[in-house]
Amino acid sequence: MTQPTQSSVFRISQVLRSGEPDTTVIIRGWVRTKREQKTFTFIEVNDGSSMAGLQVVVSDAIAGYAQSIKRINTGASVEIEGKLVPSPGKGQRLEMQAIALVVHGEADPETYPLQKKRHSFEFLRDIGHLRSRTNTLSAVFRVRNACAAAVHQFFQERGFLWVHTPILTASDCEGAGEMFSVTRFDLNKLPIKEGKVDFGQDFFGKPTYLTVSGQLEAEIMAMAFSDVYTFGPTFRAENSNTSRHLAEFWMVEPEMAFCDLKGDMDLAEAFLKYVFKHVMENCQEDMEFFQQRIDDSVLDTANNIINSEFARVTYTEAIDLLEKSNKSFEYPVAWGIDMQSEHERWLAEEYFKKPVIVTNYPTGIKAFYMRLDDGGKTVSAMDILAPKIGEIIGGSQREERLDVLESRIRAQGLDPEIYWWYLDLRRYGTVPHAGFGLGFERLVQFMTGMANIRDVIPFPRTPMNVEF
RNA sequence: UCCUCAGUAGCUCAGUGGUAGAGCGGUCGACUGUUAAUCGACUGGUCGCAAGUUCGAAUCUUGCCUGGGGAGCCA
């Protein structure tokens, strides 16, 4: 840090990392704790830039001491100019001797809900507007940010184009889940025509929804730019109440022209390794916090991801392993079943003990756009199963053959007319291509060891919850 | 949506038919280069909501609401 002629404002992370004794700086933030002594007061200030806060020593010699200290409690916002000095106490290299102190906002300790002790995540969800001021949630959101940066960095370095696929869509394709309707109608006065709602009078003239996936649009863009990715919010109106599902979540969906299933798997594995490495290098302090306080396997998991190759098995081999496991599963194992959570968990957590890529699933249990393998019994799909999280990535080589795609759409009872533009991509200049979808919050969960997905997104949307 | 557990002070919980409890927090005081400081005192309640059984219900019954865990669906 260079010595400014006048005091400059610094983020606390910067002060802690490279602040030099005898320099004078200004910091701003929120008070975590106050410890009053006889002739001075310790306050710990955090501005969200790091796990650790800065210890500020406020002497009763400074102007307005008594009045200011009275107004400072846990949660109060302050701006402090002070001199950095080596700390005689344990726990920090530097501390600040306050010269001038401004209290921007008080936090009445009688009503401020955050205490200087551990709170349950359930309670913190009820105060979603304040929970980011806690150690754990702020660490989560710093790691989330690092993950997002790594996503872009990874794809940009490889020449992928970030494409913005629409949030509003009329295609209720692929049956990825229940969709949220979007309308301008007054729901108490719906226009009815021949006993049904007349969507011809609505904003878009047809039923419209929030997107459940940007994949089909990403395929359009891949047919022009070769390698693209989407990274944005998606919506599922499923009434699912689990620690792994949200109604609004972020998805990363790369799509690559001239690419087969193997290339897809290679990219997915390289991608996960890259993001983990980036976070380990940039969020060391936060990752150590998760290791100590949340899940003591987090660092091992990260290193394992970065340094070891993922297991790769076909669905058929996976079923074989499950059958030979001698483990009594609640749901019986047989070729053709859609694997249950218990099966996926056994593979990832007990057998391989690391992420495992399962490929070539039975045709009957996968979507129509996945490429039919020779023989027709399986499709070129792949799922990456992660310990504790389950399915973190789902992808496939797409069906690029017009006639095969058309017959598969029909076989699933769908109308090829609706997919006219999707089929056109196979009609004009079709190429083998592949892609995958990654649930961003599940990635953050996997990274941090956080048990509940509602605690890795700032404002979780789940059934009956849109308060913040 | 299904299964299951829970809901009592601001928070975390104890209390299984007979006067509503603890720790933490908060307030006040003491002490102290402290680190979730320490010590003492004080403060604090529509026992989720509604009905029922009972002389009497936090406690038993029924319904509903909310939350956790698991399942399904998926990412």
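To find a chain, count down the sequence lines: A is the first, B the second, and so on, and within it residues start at 1.
Comparing the P positions of B:G44 and B:G10 gives an interatomic distance of 11 Å, to the nearest angstrom. Distance noted for atom P between B:G67 and B:U62: 23 Å (whole Å). Atom name C1', nucleotides B:C13 and B:G17: the rounded distance is 22 Å, in whole Å.
No contact: A:Thr234 has no heavy atom under 4.0 Å from any strand. In this structure, A:Gln55 reaches the bases: a heavy-atom distance under 4.0 Å links it to at least one base atom across the strands shown. Within the 4.0 angstrom heavy-atom criterion, only backbone atoms of the sugar-phosphate kind lie near A:Tyr331; the bases stay farther away. Counting non-hydrogen atoms under 4.0 angstrom, A:Ile392 reaches the backbone sugars and phosphates but no base. A:Glu44 comes within 4.0 angstrom of no nucleic acid atom, judged by non-hydrogen atoms across all strands. Looking at heavy-atom distances under 4.0 Å, A:Glu253 makes no contact with the nucleic acid at all. Among the heavy atoms of the strands lying under 4.0 Å from A:Pro109 are primed sugar atoms or P, OP1, OP2 only; no base atom is included. Across all strands shown, A:Arg32 has no heavy atoms under 4.0 Å from either base or sugar-phosphate atoms. Nucleic acid contact for A:Gln92: base, since at least one base atom lies under 4.0 Å from a heavy atom of the residue. Residue A:Arg454 is in sugar-phosphate contact alone, with no base atom involved, counting any heavy-atom pair closer than 4.0 Å across all strands shown. Among the atoms of the strands shown, base atoms are found under 4.0 Å from some heavy atom of A:Phe40. Residue contacts for A:Leu246: at a heavy-atom cut-off of 4.0 Å it reaches a base atom on one of the strands shown. As judged by a 4.0 angstrom heavy-atom cut-off over every strand, A:Thr242 is placed among the base-contacting residues. A:Gln97 comes within contact range of at least one nucleobase, with a heavy-atom separation under 4.0 Å.
Phosphate proximity of B:C74 to A:Ser240: absent, as no side-chain N or O sits under 4.0 Å from OP1 or OP2. The side chain of A:Ser341 places an N or O atom within less than 4.0 Å of a non-bridging phosphate oxygen (OP1 or OP2) of B:G72. At B:G68, one or more side-chain N or O atoms of A:Arg125 fall inside 4.0 Å of OP1 or OP2 (strictly under the cut-off). At the phosphate of B:A71, OP1 or OP2 sits under 4.0 Å from a side-chain N or O atom of A:Arg244.
Applying the Watson-Crick and G-U wobble criteria (two distances, each under 3.5 Å), B:G33 pairs with nothing in any strand. Base pairing analysis places B:A50 opposite B:U62; the two distances defining the Watson-Crick or G-U wobble pair are each below 3.5 Å. Judged by Watson-Crick or G-U wobble contacts below 3.5 Å, the nucleotide B:A41 has B:U27 as its partner. Checking B:U1 for Watson-Crick or G-U wobble geometry (two distances, each under 3.5 Å) identifies B:A71 as its partner. Base pairing of B:C13: its partner is B:G21, meeting the Watson-Crick or G-U wobble criterion (both donor-acceptor distances under 3.5 Å).
Side-chain atoms of A:Thr378 do not come within 3.5 Å of backbone N or O of A:Asn360 as any donor-acceptor pair. Without hydrogens or angle criteria, A:Arg71 side chain to A:Gln67 main chain gives no donor-acceptor distance under 3.5 Å. The closest donor-acceptor contact from the side chain of A:Lys273 to the backbone of A:Ile305 lies under 3.5 Å. Remark: the backbone N or O of A:Phe249 is paired with a side-chain donor or acceptor of A:Thr234 at under 3.5 angstrom. Side-chain N or O atoms of A:Glu95 include none that pairs as donor or acceptor with a backbone N or O of A:Val85 at under 3.5 Å.
Note: CG (A:Leu130) to P (B:G25) measures 20 Å, nearest angstrom. Protein atom CG of A:Leu385 is 14 Å distant from nucleotide atom P of B:C74, rounded to whole Å. Spacing between atom CD of A:Glu330 and atom P of B:G72 amounts to 8 Å, rounded to whole angstrom units. A:Glu441 places its CD atom 9 Å from the C1' atom of B:A75, with the value rounded to the nearest Å. In this structure, A:Leu124 atom CG and B:C11 atom P are separated by 11 Å, rounded to whole Å. For A:Asn241 and B:C5, the CG to C1' distance is 15 Å, given to the nearest whole Å.
With A:Arg131 as the partner, the side-chain contact (heavy atoms from CB on, under 4.5 Å) test is satisfied by one option alone out of A:Phe121, A:Phe123, A:Phe141: A:Phe141. With A:His152 as reference, A:Trp162 is the one residue of A:Trp162, A:Phe271, A:Phe160 to meet the ring pair (Phe, Tyr, Trp, His ring centres under 6.0 Å) rule.
Side-chain atoms of A:Arg442 and base atoms of B:C74 include a donor and an acceptor less than 3.5 Å apart. Between the side chain of A:Glu36 and the base of B:U32 there is no donor-acceptor pair of N/O atoms closer than 3.5 Å. Donor-acceptor pairing under 3.5 Å, judged by distance alone, is absent between the side chain of A:Gln115 and the base of B:G26. For A:Glu238 and B:G72, a side-chain-to-base donor-acceptor distance below 3.5 Å is absent, hydrogens and geometry of angles not being considered. Side-chain atoms of A:Lys38 and base atoms of B:C31 include no donor and acceptor less than 3.5 Å apart. Donor-acceptor pairing under 3.5 Å, judged by distance alone, is present between the side chain of A:His245 and the base of B:C74.
Mapping A:Asp383 and A:Met464 onto RNA chain B by nearest heavy atom places A:Met464 closer to the 5' end of the strand. Where A:Glu344 and A:Pro463 each meet RNA chain B at their nearest nucleotide, the meeting point lying more 5' is that of A:Pro463.
Here the side chain of A:Gln37 is nearest to one of B:A36, B:G72, B:G33, namely B:G33. Listed nucleotides: B:G68, B:U35, B:G33. Nearest to the side chain of A:Arg35: B:U35. Of the candidate nucleotides B:C11, B:C74, B:G69, B:C74 has the atom nearest to the side chain of A:Arg236.
The salt bridge (Lys or Arg N to Asp or Glu O under 4.0 Å) search around A:Asp373 returns none, not counting sequence neighbours.
Of the charged side-chain nitrogens involved, none lies within less than 4.0 Å of a carboxylate oxygen, so that A:Lys354 and A:Glu309 do not count as a salt-bridged pair.
Judged by ring centres under 5.5 Å apart and planes tilted less than 30 degrees, A:Phe249 stacks against the six-membered base ring of B:A75.
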